[in-house]
Number of protein chains: 2
Amino acid sequence: MVDIKTRANPLFLREEELRQGIELLFYAYRDFTAEPDSMLARLDMGRAHHRVIYFVGRHPGITVTELLRILKITKQSLSRVLGQLIRDAYIEQRQGKVDRRQRLLHLTEKGVQLEHELTANQRARIAKAYKAASAEAVDGYRKVLMGMIDEEDRRRFARPNREEEAEATSPTPAPGLLSRRPVMRRS
Amino acid sequence: MVDIKTRANPLFLREEELRQGIELLFYAYRDFTAEPDSMLARLDMGRAHHRVIYFVGRHPGITVTELLRILKITKQSLSRVLGQLIRDAYIEQRQGKVDRRQRLLHLTEKGVQLEHELTANQRARIAKAYKAASAEAVDGYRKVLMGMIDEEDRRRFARPNREEEAEATSPTPAPGLLSRRPVMRRS
DNA sequence: AGATATGCGTCAACATGGTTGACATAAAAA
DNA sequence: TTTTTATGTCAACCATGTTGACGCATATCT
């Protein structure tokens, strides 16, 4: 009964280390979403709206299907918030030129404005954390989180995403966005 | 129009860097919770139950008030899940010995069991990410997330939490758990 | 050309887990 | 003795997730 959980016990240290890793993620996410949530509440919206606005802003011209793939929710669930955002003119749809079934999503001016306000706090929070840590720490943050996300989404972070406003004028999917084979190969 | 957003534009790089930081957190959290969620669903429970089980397991003898402070939800909301967990014998309450108003929360054997199953996947996921990265990367992960969480909860990660099963036999709060002044100073 | 698959939308019902507000009891602290 | 704290409870409401069933337009396959 000497010192089972102080030193000399790598199993315990590892367990403790892993648990801290879990909790850091919980607390960070909790605090990360708190501010935008309260801003949204004033506009009668919720976190779900934020996510949609964010990713549409991030990927202009994104299709509904791809957005669903990112959010991993059902289309019925998305439909509710997306419908509101379109009605309230934060987002607009444009018919795809190549595939006319697609509704390509874009932020309106109003949407861009709101997106900016919403993420301002989050960007500041990250910037502060980055600044307080070293460049190597930032790199470590990225590496570890990267290792935690499922493979399919990892490629999004390969290189700084180039503009993906392909607007479906060409069948070339945005780099790293659409992970599927290009359409139209006539066998 | 040369190369506004490739090199030579630190503003853009910074923006891109911050956005990636935001998204990494979103994707990681999304994937991190997916598995336990689906396990819970089979037991007719949800993510809220997991959080309660997790933190009660992590802080045996925690009070309801302190648990609320961690989760940052209302007592009515907690009451629902906590009530279920007690009814289903995953958690038990013991009256505080010093302050007899307190209901100190503990996992039962069944609760410990479930907690272990639930976090197994999360621990594995973190372990995998840690292993894939370097020790310095892990340190960076911790540093950056630490910088993102609000000050009041940061102290929890000061040192590996020592056993805090004080069981309120002494008024000394568990180290790093209760961040308030000790009770009982008579003027 | 005809069959099949895909992208998107919609209606309806339901579950989970948040919220607010009001009120009650026991015990500790002032 | 009075006030504050820790906990619990009832009730109503809201946001956001789910499943299942359909429908239409358009693309793709055979």
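We name chains A, B, ... by the order of the sequence lines, and we start the count at 1 in each one.
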Hey, is the side chain of Ser79(A) poking within less than 4.0 Å of OP1 or OP2 on dC8(C), counting only N and O atoms?
no
For the pair made of CD in Glu66(B) and P in dA6(D), what is the distance, rounded to whole Å?
11 Å
Under 4.0 Å between any heavy atoms, over every strand shown, what does Gln93(B) touch: base, sugar-phosphate, or nothing? Just pick one.
sugar-phosphate
In whole Å, what is the span from the CD atom of Glu92(A) to the P atom of dC8(C)?
16 Å
Interatomic distance where CZ belongs to Arg69(B) and C1' belongs to dT7(D) [whole Å]:
18 Å
Begin with the C-alpha distance, continue with both residues' side-chain angles, and end with the deciding distance and a verdict on side-chain hydrogen bond (donor to acceptor under 3.5 Å, both in side chains) for Gln113(B) and Glu109(B).
CA-CA 6 Å; Gln113(B) 168 73 23; Glu109(B) 252 320 304; over 6 Å; no
Taken to the nearest whole Å, CZ/Arg80(B) to C1'/dC10(D) is 12 Å
Between Ile70(A) and Ile62(A), is there a side-chain heavy-atom distance shorter than 4.5 Å?
yes
Whole-Å distance separating the CG atom of Leu68(B) from the P atom of dG17(C)
16 Å
Return the orientation label for the His50(A) and Tyr54(A) ring planes: parallel under 30°, perpendicular over 60°, tilted otherwise.
perpendicular
Over 60° means perpendicular and under 30° means parallel, so classify the ring planes of Tyr130(A) and Tyr141(A), tilted if in between.
perpendicular
Under 4.0 Å protein heavy-atom contacts per nucleotide of nucleotides 20-27 of chain C, with B for base, S for backbone only and - for none:
BBB---BB
Taking only Lys NZ, Arg NE, NH1 and NH2, and the carboxylate oxygens of Asp or Glu, determine whether Arg58(B) and Glu66(B) approach each other closer than 4.0 Å.
no
For Leu24(A) and Ile149(B), the nearest pair of non-hydrogen atoms, with its separation, is O-CG2, 4.3 Å
Whole-Å gap separating C1' (dT26(D)) and NZ (Lys97(A)):
18 Å
Quick one: does Arg154(A)'s side chain have a donor or acceptor within less than 3.5 Å of a partner on Met146(A)'s backbone?
yes
Within residues 37-55 of chain B: residues closer than 4.0 Å to DNA chain C (heavy atoms):
Gly46(B), Arg47(B), Ala48(B), His49(B), Arg51(B)
Start at the 5' end of DNA chain D and walk down; is the nucleotide closest to Val64(B) or to Val81(A) reached first?
Val64(B)
Quick one: Gln84(A) CD to dC14(D) P, roughly how many Å, whole number?
13 Å
Taking CD1 from Ile73(A) and C1' from dG9(C), how many angstroms apart are they, rounded to a whole number?
15 Å
Hey, would you say the Tyr29(B) and Phe32(A) ring centroids sit under 6.0 Å apart?
no
Table please: side-chain donor-acceptor pairs of residues 80-89 of chain B below 3.5 Å, with sequence neighbours left out.
residue, atom, partner, partner atom, Å
Gln84(B), OE1, His49(B), NE2, 3.1

